[in-house]
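The chains referred to below are lettered A, B, ... by the order of the sequence lines, with proteins before strands, and numbering in each begins at 1. FYI, side chains are in, hydrogens and waters are out, and symmetry mates aren't considered; it's all heavy atoms of this structure.
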Amino acid sequence: MSTNRPSDLPEYVNPPITEVAMGIQFDPANGYQQIYARDLWKQFEARFPVVVEQPALPPTFETFGTPSGGNMKFNVVTGASHDRYWFISSDEQNLIQFQQDRFLHNWRKIDDNEHEYPRFDPMIANFSDEIDCLDEFLRQFDTEPISINQCELTYVNRINIDDVSPEQKIFNFFSLDTLNAENFSFRSNKEIHNSKGEPVARLITEISTALHKNKKVIHLSNIVRGTPDGTDKQSALDFLLEARRLIVNNFTDITTEYAHKIWGIVK
Amino acid sequence: MPLTQPPLDENGNIEPHDHDGIADGDTIIRKISHHFVVDDKNGGKRLSSMAFKASNNEMSVDIESLMLEDGINPQEFVTTPVWIGSISLMAGAFRSAGLMVGYEPVEGNPYHGEVWGKVTSSKSKTLAKAANWYVPISGVSVI
Amino acid sequence: MTTGADITAFSGDVIQLQTQTTPSVVVDSSVVWSQSVIDKLNLFCRLEEGWDGYNGKPVRLSTANFVIKMLERIYQPNFPEPQLVPGSNGDVQIEWHLEGLDLELHCLSPYNVIAWRETEATGEDGEEVPIRADFRTVMNWMNEYMEADIAPHAATA
């Protein structure tokens, strides 16, 4: 798979990214059972030799109507529950997450001084191949091709407050000094519409203070989650490409030019 | 008269078709599960439009004429302790709604047919109006 | 709502596996009928193949969970409890039959819903709208019904 980074998309030499996760949610294959997860791991074992079990992620759907989903909140889990498996690379930077209806690839910064962010384009090219692998694996249970109903792209940034002089702002819309808070958290949701004007996804921005190695930092995450135009792999990849554009632009829009220079903006 | 073999695709599966051996006046039966029974607005019971909807553009039915030719009692054939009721329509009612009525024998049911086509909610209502109880479920109206 | 933190590796410390039990339902709702909806969906997801007398399949888990999300989005206080009906291909329909309104939400799969209503204004053919994720049309229909339903009561108060 080849991708062309949009020429007008901002780019940074040293973005404060510490994790990127791209994922799909799909209809579970008829006849698949958790015991077969080992066979899927075999396809990835050479690159991801370590396996860890985690609780399953609940299904998620971005729908639009009553704000905040009203007063009704409930989940249904039926049938045998399926764990979530992490297939982890030897250097722990990359991991694949798999459960009966979810498949994700995470890159994470393990050591502060090494392991540069590999960039989105090689990541999505690998993810495309990994989805092919998953699809081939699932076809042994269900002759229908994988049916993807949701996609998700997350960028997590860790901003060292010490990198920014006290007089300067990181974010365009508020100042840490003005806030003068012990800690804070912020969350915004923005509807994303398709070419027909239908809401199909959300851009979720979360900002919060945290401690990293005893230093105060700011976590900034941008998540785009929603339904692609079609249920096939290419529709999912198209969604993720557009999600990247939305996230990078949002990151640039909400942070200051001063911060951009620190992160080495090239355009 | 036995129905001619339906058309097959390259994999040997029966293709959607409108069988010319099934006359418009032929009775087409559909078993009714108790899951299709819902409350109506007047405090009584009625069938949901799902009883007349073609999931994935396919709706299974049974062809009465084939049972009669084989000397089978159709009402006994379609009624079991599980499926206690059934409705019937003329094949022509399905066709008037733009649907195809075909012959699709399956293992265990040589009288099985299929109705192909998209059934909207308003179309399902049209079918419901054209339907009658074949083996009624007491206290439940068709529409 | 699940956040990105739930899928990031940093937030996922290794914890003990949950015991495998019979299906669990978490209800956090002031809606009195939410449990019966859950019970119905659980039942439909366990239907045996051929439940309809033909080739009927159980309702798909992903579809059931999407229905939950859909009901969260359209829920309005005082609106009557919905009825649920399984389809033969893993689909499910949510429906209401009320004086002045027949409302059906046929969920074929996640993000694939056909909404239909019949009122005096629409006539017998009704009004059908395909819906992916935006349920505001359905909410408007429900609001119209409730406002119309309330108005006559107010006149006689």
Side-chain angles (χ1 to χ4, degrees), chain B residues 29-62 77-87 104 106-109 111-115 118-126 128-129 134-135 141 143, chain C residues 40-41 43-60 63 80-109 112-119 122-130 145 149:
Chain B
I29 305 165
R30 180 147 162 87
K31 296 187 189 82
I32 295 297
S33 161
H34 67 277
H35 291 298
F36 290 146
V37 178
V38 296
D39 298 333
D40 69 17
K41 60 189 72 176
N42 302 314
K45 300 281 185 190
R46 55 165 279 185
L47 292 184
S48 165
S49 62
M50 288 296 272
F52 303 93
K53 277 188 180 164
S55 290
N56 207 27
N57 294 333
E58 294 178 341
M59 186 197 313
S60 281
V61 293
D62 299 292
F77 181 83
V78 298
T79 308
T80 71
V82 177
W83 302 291
I84 57 173
S86 50
I87 50 132
E104 191 186 49
V106 297
E107 193 176 330
N109 187 359
Y111 317 114
H112 181 261
E114 199 81 43
V115 173
K118 186 176 175 185
V119 180
T120 58
S121 284
S122 71
K123 201 176 276 190
S124 70
K125 194 163 181 180
T126 303
K129 283 184 184 171
Y134 194 74
V135 177
S141 63
I143 187 171
Chain C
K40 267 283 168 72
L41 287 172
L43 176 70
F44 292 166
C45 289
R46 289 192 185 76
L47 288 171
E48 286 190 4
E49 291 263 344
W51 62 267
D52 60 350
Y54 301 104
N55 198 30
K57 299 178 177 57
V59 171
R60 293 190 76 107
T63 301
E81 177 174 354
Q83 302 187 73
L84 281 72
V85 182
S88 300
N89 196 40
D91 49 330
V92 65
Q93 179 160 287
I94 318 303
E95 54 190 86
W96 291 263
H97 302 290
L98 310 168
E99 196 59 50
L101 174 69
D102 284 285
L103 174 58
E104 298 175 359
L105 305 174
H106 185 186
C107 186
L108 294 115
S109 62
N112 188 6
V113 176
I114 308 292
W116 178 88
R117 69 163 174 172
E118 181 186 335
T119 64
T122 67
E124 283 191 343
D125 279 348
E127 179 181 359
E128 184 173 282
V129 172
Y145 167 78
D149 197 42

- request: Would you sort out whether C:Leu84 and B:His35 count as a side chain to side chain contact (heavy atoms under 4.5 Å, CB included), showing the intermediate values?
  value: CA-CA 9 Å; C:Leu84 281 72; B:His35 291 298; over 6 Å; no
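- Proximity to chain B (any heavy atom under 4.5 Å) is shown, for C:Leu108, by neither the backbone nor the side chain.
- Residues C:Ser88 and B:Ser55 share a closest heavy-atom pair of N-OG, 3.3 Å.
- For the residue pair C:Gly50 and B:Trp83, the shortest heavy atom distance occurs at O-CZ2, 3.0 Å.
- No side-chain donor from either of C:Glu124 and B:Ser122 sits under 3.5 Å from a side-chain acceptor of the other.
- Atom OG in B:Ser124 sits 10.0 Å away from atom NE2 in C:His106 (nearest 0.5 Å).
- If you measure heavy-atom distances from B:Arg46 to chain C, the contacts under 4.5 Å come from the side chain alone.
- Donor-acceptor pairing under 3.5 Å is lacking for the side chains of B:Asn109 and C:Tyr54.
- Around atom CD of C:Glu49, more than 12 heavy atoms belonging to other residues, nucleotides or ligands sit under 6.0 Å away.
- Chosen from C:Gln83, C:Glu127, C:Glu118, the residue pairing most often with chain B at heavy-atom distances under 4.5 Å is C:Gln83.
- The number of heavy-atom neighbours closer than 6.0 Å to NZ of C:Lys40, taken from other residues, nucleotides and ligands shown, is 12 or below.
- A salt bridge is defined here as a Lys NZ or Arg NE, NH1 or NH2 lying under 4.0 Å from an Asp or Glu carboxylate O, and C:Asp91 with B:Lys53 fails to meet this definition.
- B:Asp62 touches chain C through backbone and side chain together, each having a heavy atom under 4.5 Å away.
- With a 4.5 Å cut-off on non-hydrogen atoms, C:Ile114 does not touch chain B at all.
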field: Working for salt bridge (Lys or Arg N to Asp or Glu O under 4.0 Å), residues C:Asp102 and B:Lys41
entry: CA-CA 9 Å; C:Asp102 284 285; B:Lys41 60 189 72 176; 2.8 Å; yes
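- Counting all heavy atoms, side chain and backbone alike, C:His97 lies closest to B:Asp39 at CD2-O, 3.7 Å.
- Interface summary for chain C: among B:Ser48, B:Gly108, B:Ala54, the most heavy-atom pairs under 4.5 angstrom belong to B:Ser48.
- Interface remark: C:Gln93 contributes backbone and side-chain atoms alike to the contact with chain B (heavy atom separation under 4.5 Å).
- Proximity to chain C is absent for every atom of B:His34, based on heavy atoms less than 4.5 angstrom apart.
- Rounded to the nearest 0.5 Å, atoms CG (C:Asn55) and CD (B:Glu58) are 8.5 Å apart.
- Contacts between B:Val61 and chain C at a heavy-atom distance below 4.5 Å involve the backbone alone (N, CA, C, O).
- Across B:Val78, B:Thr120, B:Asn42, the residue that shares the most heavy-atom pairs under 4.5 angstrom with chain C is B:Thr120.
- At a 4.5 Å heavy-atom cutoff, the contact between B:Asn56 and chain C is made by backbone and side-chain atoms alike.
- In terms of heavy-atom proximity, B:Ser49 sits nearest to C:Glu104 at OG-OE1, 2.9 Å.
- No side-chain donor-acceptor contact under 3.5 Å links C:Trp51 to the backbone of B:Ser33.
- Closest non-hydrogen pair, C:Val85 versus B:Phe36, comes out as CG1-CD2, 3.6 Å.
- Distance check, rounded to the nearest 0.5 Å: OG1 of B:Thr126 to CG of C:Asp125 gives 6.5 Å.
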